[in-house]
Amino acid sequence: MGIKLKRVEDQVIVITGGTSGIGLATAKRAAKRGARVVLCSRNEPELRETVTAIERTGGTARSVVADVANQEDVERLAETAMQEFGTIDTWVNNAGVSFYGRLTEVAIEDMRRLFEVNFWGMVYGARAAVARLRHNGGALINIGSIVSDRAIPLQGAYSASKHAVKGFTDALRMELEEGSAPVSVTLIKPSAIDTPYFQHAKNYMEVEPKPPAPVYAPEVVANAILRAAEQPVRDITIGGGGRLISALGTALPRLTDFYMERAMFSSQRSDVPARERPDNLYAHSAGKGMERGGYTGHVMKSSAYTRAALSPGKALLAAGLGLAVFAGLRSIASDD
């Protein structure tokens, strides 16, 4: 069954984690195009500031103070959107937390909390969204990660949670399609993005974390989200570098292990000594409200791979390029 989605300017879009990074970038761009946006965050002052900023530029926004790890909060978010605007057209599960440290050294309670937010928060959001989207149709967009495909060291629990997000999203998509529900289900898998994520993550290391290059701007993800809100997309990787890592991990898993062991420890560690600072694992962090995270290296403002994959006329080209890379890697593996 073909799924028809509204234009962004005609939509009501719910975004979790809407006061910083990818969520904020998406909210601003959706509102600028005319969408009515409903945002949630644990930080009430920054929610107010975000809504005020959107309305100052002519947009329409509402806010709900909510912790996505609390199912009642998520239901209240959905009900607020329905009461304010009468419908929900797109739901974006974006809220997430992380921490840096070796799996044998981080606290078990921190791992549980991370899953409560990243996985269960997504589950609560997906169920609340589908209950309302299945009647009139719409889009559910879950934010995964490159680490949904390929785990990385020092963020093992985060990688596991994003693997779980992918598994849930793929299974839900099949169940909805089998039942002919008019709901598009998309998984967005960003590479490293220049957001405040790195400053807000809890840190067990002796130095501050940093994103591994290549690093992309949050608007690259926001543009992909808004495209998926208008045109059904199964999944999309943000960044050709991330797509290559995913392909490598599938075709040459042991070689990728060795690469990760040699590159991904140092590339996630800065030269700045770790400092005492708040994190957002259990409570909101001060100083959100920013799209960018202040990465000092080169930030890519576009991705040729992602742009091609999202362009109707170029999607087959992107798929062909991906298959060619995969076939080449498989060939290398079979020769070893």
Side-chain angles (χ1 to χ4, degrees), residues 1-8 10-18 22-23 26-27 30 35 37-38 40 68 71 74-75 77-78 81-82 87-96 115 117-149 160-190 220-238 242-243 246 306 309-312 315 318-319 322:
M1 180 184 71
I3 298 174
K4 294 183 178 180
L5 303 176
K6 298 178 183 177
R7 300 179 304 171
V8 164
D10 298 325
Q11 290 197 26
V12 173
I13 301 178
V14 176
I15 304 171
T16 68
I22 292 168
T26 304
V37 298
V38 182
C40 90
V68 298
Q71 187 174 9
V74 176
E75 283 295 326
L77 171 63
M82 295 297 294
T87 189
I88 296 172
D89 300 297
T90 293
W91 184 291
V92 183
N93 280 316
N94 166 71
F115 261 80
V117 176
N118 293 5
F119 177 69
W120 286 107
M122 178 276 305
V123 171
Y124 300 149
R127 288 168 64 103
V130 169
R132 292 151 178 93
L133 294 174
R134 67 165 65 249
H135 301 297
N136 298 316
L140 170 65
I141 302 172
N142 291 335
I143 306 302
S145 169
I146 286 302
V147 302
S148 295
D149 296 331
S161 74
K162 292 302 184 177
H163 270 62
V165 167
K166 180 181 185 300
F168 181 93
T169 303
D170 289 347
L172 177 63
R173 183 187 302 108
M174 291 185 286
E175 291 177 2
L176 291 174
E177 288 179 349
E178 188 276 337
S180 299
V183 181
S184 170
V185 179
T186 299
L187 180 67
I188 305 281
K189 297 182 289 187
V220 181
V221 190
N223 291 337
I225 290 171
L226 295 182
R227 177 57 186 271
E230 292 185 312
Q231 297 290 332
V233 179
R234 184 185 188 277
D235 55 52
I236 184 65
T237 300
I238 306 299
R243 184 67 189 92
S246 295
T306 302
L310 288 172
S311 300

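Small disclaimer: the values here were computed from a predicted structure and weren't measured.
- Between P190 and I22, the closest heavy-atom pair is CG-CD1, 4.3 Å.
- In plain terms, the two heavy atoms of A95 and N118 that are nearest each other are O-OD1, 4.4 Å.
- Rounding to the nearest 0.5 Å gives a distance of 7.0 Å between CZ of R173 and OG1 of T186.
- In this structure, R243 CZ and I146 CD1 are separated by 8.0 Å, a value rounded to the nearest 0.5 Å.
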What do the steps show when you test T26 against V221 for side chain to side chain contact (heavy atoms under 4.5 Å, CB included), and what is the final call? CA-CA 8 Å; T26 304; V221 190; 6.0 Å; no
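- Side chain of T16 to backbone of N93: no donor-acceptor contact under 3.5 angstrom is found.
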Show your reasoning for whether side chain to side chain contact (heavy atoms under 4.5 Å, CB included) applies to Q231 and L310. CA-CA 9 Å; Q231 297 290 332; L310 288 172; over 6 Å; no
If you apply the rule side chain to side chain contact (heavy atoms under 4.5 Å, CB included), what do you find for I225 with I15, and how did you get there? CA-CA 11 Å; I225 290 171; I15 304 171; over 6 Å; no
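- W91 is listed as a side-chain neighbour of L77, based on a closest heavy-atom distance under 4.5 Å.
- Among all heavy-atom pairs drawn from A30 and V37, the shortest one is CB-CG1, 3.9 Å.
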Contacts under 3.5 angstrom, residues 122-132 side chains, donor-acceptor by atom type, not counting sequence neighbours:
unit_1, atom_1, unit_2, atom_2, d
R132, NH1, A128, O, 2.8
R132, NH2, E75, OE1, 3.1
R132, NH2, E79, OE2, 2.7

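- For the atom pair CG (L5) and OG1 (T90), the distance works out to 6.5 Å, reported to the nearest 0.5 Å.
- Residues that satisfy the salt bridge (charged side-chain N to carboxylate O under 4.0 Å, His left out) test with D235, not counting sequence neighbours, are absent from this structure.
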Where do R234 and D170 land on the side chain to side chain contact (heavy atoms under 4.5 Å, CB included) test, with the steps shown first? CA-CA 9 Å; R234 184 185 188 277; D170 289 347; 3.8 Å; yes
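- Of all the heavy atoms in V38 and A81, the pair that sits closest is CG2-CB, 3.9 Å.
- Contact check on K162 versus D149 returns no salt bridge, with no Lys/Arg side-chain nitrogen under 4.0 Å from an Asp/Glu carboxylate oxygen.
- Atom CG of L140 and atom OG1 of T169 lie 7.0 Å apart (nearest 0.5 Å).
- The two atoms that bring P182 and I3 nearest to each other are O-CG2, 3.8 Å, heavy atoms only.
- Checked by atom type and distance alone, the side chain of T306 pairs as donor or acceptor with a backbone atom of T237 at under 3.5 Å.
- Summarising the geometry, atom OG belonging to S184 is positioned 10.0 Å from atom CG belonging to L176; distances are rounded to the nearest 0.5 Å.
- Separation of atoms CD1 (I13) and CD1 (I88) is listed at 11.5 Å; rounding is to 0.5 Å.
- Remark: the backbone N or O of L187 is not paired with any side-chain donor or acceptor of N142 at under 3.5 angstrom.
- The minimum heavy-atom distance between S148 and K189, with the atom names listed, is CB-CD, 4.3 Å.
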